[in-house]
Structures are given as structure tokens and as C-alpha cells.
Amino acid sequence: MIVTLRGTPDPALPFLLAMTNHDRRTPSFPTLPALARAIHRRRANRPIMVVDAEIECGTELQPRTVAAIHALNDEQQPVEFLGFAWMKGRDARTLQQALRTAEGR
């Protein structure tokens, strides 16, 4: 999968959330907790599935390890793609823990 990140994320802010190939900007976050809070806002209290993925970004030669995030319906089936979270090569488990912490669990 090839994902084009729009805008210029601040390289000093290492956590990104790319929603689609057509995002007008790719938001950057200074910390993993800030990224988790942004995902919670986008999920709007819906259940989510977070899985490992690799994506190619524009002209980069190496794929990035990311977490793909999907909103789920009542039957626990994916119904909406919420985005890819890049966390400096960390995997979905890292994001899942940050999301639990942000929820207070």
C-alpha cells in the first residue's frame, strides 16, 4: 500500500496520524499519549481494532511499520478506516497500551 503524506509534518514531532491518501495535512504529535488522545477523539467512543501494518510513504525506499486503526460495529466487524499511526517503527501493541492508558484502564 502506498500512502502519500500531505503537508510537512514537523520532523521533531515523531508521532503521525495519516487518515487517507487525500489528507490535506498529516498531523504530528510530540508524544505517544498525545497521539492516543487524538485517536480517541476520532473514534468517538466506538470500539476499534488496532493491527500492525507496513506502508510505503511516497518516495521512501523502506516501508514504515505502522498501526492501522479501524472503527468496529456492534458485531466487531471493521466499518470505517480511521487511519495509520506511525510511532517511530513501534508496533500496534505499543499503541494499544497507550490507548488503554489514555482511557484510564
Asker: Indicate the atoms forming the closest heavy-atom contact of A67 with V50, along with that distance.
Answerer: CB-CG1, 3.8 Å
Asker: Is the number of heavy atoms from other residues, nucleotides or ligands under 6.0 Å of R46 CZ greater than 12?
Answerer: yes
Asker: Once rounded to the nearest 0.5 Å, what's the spacing between atom CD1 of I39 and atom CG of L82?
Answerer: 8.5 Å
Asker: With no hydrogens and no angle check, do the side chains of Q96 and R93 hold a donor and an acceptor under 3.5 Å apart?
Answerer: no
Asker: Mind checking the CE-OG1 spacing from M87 to T94? Nearest 0.5 Å is all I need.
Answerer: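 Separation between the atoms: 6.0 Å.
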Asker: For H40 and R43, does a side-chain donor sit closer than 3.5 Å to a side-chain acceptor?
Answerer: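 Note: H40 and R43 side chains meet the donor-acceptor criterion.
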Asker: Between D52 (side chain) and A92 (backbone), is there a donor-acceptor pair under 3.5 Å?
Answerer: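 At least one qualifying donor-acceptor pair exists.
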Asker: With ILVMFWY side chains joined below 4.5 Å, transitively, what does V51's cluster contain besides itself?
Answerer: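 Result for V51 is M49, L72.
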Asker: Identify the two heavy atoms, one from V66 and one from F84, that lie closest to each other, and give their separation to 0.1 Å.
Answerer: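 That would be CG2-CD2, 3.7 Å.
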Asker: Let me confirm one number: the CZ-CG distance from R37 to L32, rounded to the nearest 0.5 Å.
Answerer: 10.0 Å
Asker: Can you check whether L99 reaches L95 side chain to side chain, under 4.5 Å on heavy atoms?
Answerer: yes
Asker: Looking at A34 and F29, what are the two nearest heavy atoms and their distance?
Answerer: O-CD2, 3.9 Å
Asker: What are the two closest heavy atoms between A68 and A53, and how far apart are they?
Answerer: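 Scanning both residues completely, I find the closest heavy atoms to be CB-CB, 4.2 Å.
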Asker: Can you list everything that forms a salt bridge (Lys or Arg N to Asp or Glu O under 4.0 Å) with E75? Sequence neighbours excluded, please.
Answerer: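 None.
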Asker: Look up atom CZ in F81 and atom CD1 in I69, then write down how far apart they are to the nearest 0.5 Å.
Answerer: 7.0 Å
